[in-house]
Amino acid sequence: MRAYVAIAALVMIGGAAVVMKIGGERLAREAAVSTPAIERVAAPSGASKDPGPGTRRSEPSRPFVQSPDAASPAAASDAAPYERVEPRAPLSQLSLALPPKPPVDEDGGTILYRPVATGSARFEAMGRVVDVAGTESVDLRERCTFEGAEWPCGVRARTAFRYFIRGRAISCDVPPEAGTDIVAGCRIGAQDVGAWLVTNGWARAAPGGPYAEAEKQAREARRGIFGPPPKTEE
């Protein structure tokens, strides 16, 4: 009796094992059909196959695909060219840059730097042509005669004026609205330029001007154009 019971138990256990095996194989087939196959990417040579514990596996990079709607250089070149427009007018004249004001001395005179004499009583400086007020410049072509000797007194008068103002700044009373050609009284420091020219005989006094007495003294002392020609080195 016991033998029959043991045999029946073994039969039941074998049957259960067969059923479990068959069911496992069926589930495996169904999973293979429903799950897509994953392509394995071969690891590069020299790389470790086992990343180790705690290391996240990196997914393979996907190629960048440009959208067909994106603009291309060829399409941009076909576009219409840029149009240049005139700049707008300033909102106010106050926004425009103003020219710098010329420097002035303590007496309010305009300081003119780097003057160059172009005549015996005329000079140019900083874009202006200035005739010294109260004087008459000696013409460059003028020739003077002293005791029968003729000499180019016009050129010599200009040379004397050049030596006097060379490397010095001249302060002149320039009118506020004056242009480039002006007549003004000028000074070098405390020295009156017009008085120096007439007193030394390198310019004549203008009629009715303040230097009539200075010209008289120059004539009497035979200075400048009223005297002998300057001595030249032999």
Side-chain angles (χ1 to χ4, degrees), residues 93 96-234:
Q93 295 296 326
L96 300 177
L98 299 176
K101 295 182 179 180
V104 297
D105 60 7
E106 298 178 354
D107 298 328
T110 302
I111 301 176
L112 302 176
Y113 296 101
R114 296 181 294 277
V116 177
T118 57
S120 71
R122 172 180 291 184
F123 67 91
E124 296 180 1
M126 300 177 63
R128 297 182 184 272
V129 179
V130 183
D131 287 305
V132 180
T135 67
E136 288 185 350
S137 184
V138 181
D139 191 278
L140 290 175
R141 296 168 296 180
E142 185 173 345
R143 301 182 67 86
C144 300
T145 303
F146 181 81
E147 296 181 352
E150 187 180 272
W151 58 287
C153 56
V155 175
R156 185 64 182 87
R158 182 188 62 179
T159 302
F161 190 31
R162 282 184 174 177
Y163 286 150
F164 179 64
I165 66 175
R166 183 174 56 184
R168 308 169 77 177
I170 300 180
S171 177
C172 299
D173 300 325
V174 179
E177 302 299 331
T180 56
D181 295 347
I182 61 174
V183 178
C186 299
R187 299 169 300 276
I188 295 181
Q191 175 68 61
D192 186 327
V193 175
W196 183 88
L197 288 171
V198 178
T199 301
N200 287 277
W202 299 122
R204 295 183 176 91
Y211 306 125
E213 185 62 27
E215 180 179 338
K216 180 181 178 181
Q217 295 176 5
R219 288 179 179 274
E220 293 176 353
R222 297 181 177 180
R223 301 191 191 107
I225 62 174
F226 308 114
K231 295 181 180 181
T232 57
E233 297 181 1
E234 297 181 357

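Here the structure is a predicted model, which means the values were calculated and not measured.
Between Thr199 and Ala195 the shortest heavy-atom distance is OG1-O, 2.6 Å.
Annotation: Arg114, atom CZ; neighbour count of heavy atoms from other residues, nucleotides and ligands within 6.0 Å does not exceed 12. Residue Arg143 places its CZ atom among more than 12 non-hydrogen atoms of other residues, nucleotides or ligands, all under 6.0 Å distant.
Between Gln217 atom CD and Glu220 atom CD the span is 7.5 Å, to the nearest 0.5 Å. The structure places OG1 of Thr118 at 8.0 Å from CG of Leu140, a figure rounded to the nearest 0.5 Å. Going from atom CH2 of Trp196 over to atom CD of Gln191 covers 8.5 Å, rounded to the nearest 0.5 Å. Interatomic distance, CD1 of Ile182 versus OG1 of Thr110, reported as 7.5 Å (0.5 Å rounding). Separation of atoms CD1 (Ile225) and CH2 (Trp151) is listed at 7.5 Å; rounding is to 0.5 Å.
A salt bridge is defined here as a Lys NZ or Arg NE, NH1 or NH2 lying under 4.0 Å from an Asp or Glu carboxylate O, and Glu142 with Arg204 meets this definition.
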Pair up each side-chain donor or acceptor in residues 122-135 with any protein partner under 3.5 Å, not counting sequence neighbours, and list the distances.
unit_1: Arg122; atom_1: NE; unit_2: Asp131; atom_2: OD1; d: 2.6
unit_1: Arg122; atom_1: NH2; unit_2: Asp131; atom_2: OD1; d: 3.3
unit_1: Arg122; atom_1: NH2; unit_2: Asp131; atom_2: OD2; d: 3.2
unit_1: Arg128; atom_1: NH1; unit_2: Gly179; atom_2: O; d: 2.8
unit_1: Thr135; atom_1: OG1; unit_2: Val132; atom_2: O; d: 2.7

Under 3.5 Å, which donor-acceptor pairs do the side chains of residues 154-167 form with other protein atoms, sequence neighbours left out?
unit_1: Thr159; atom_1: OG1; unit_2: Val155; atom_2: O; d: 3.0
unit_1: Arg162; atom_1: NE; unit_2: Ala117; atom_2: O; d: 2.9
unit_1: Arg162; atom_1: NH2; unit_2: Ala117; atom_2: O; d: 3.4

task = Go through the steps for Arg223 and Trp202 under the test side-chain contact (heavy atoms from CB on, under 4.5 Å), then give the verdict.
result = CA-CA 8 Å; Arg223 301 191 191 107; Trp202 299 122; over 6 Å; no
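When atom types are taken as modelled, the side chain of Ser120 and the backbone of Ala203 share no donor-acceptor pair closer than 3.5 angstrom. Between the side chain of Asp192 and the backbone N or O of Gly194, at least one donor-acceptor pair lies under 3.5 Å.
The disulfide (SG to SG under 2.5 Å) pairs that include a residue from residues 170-222 are Cys172-Cys186, where partners are two or more places apart or lie in different chains.
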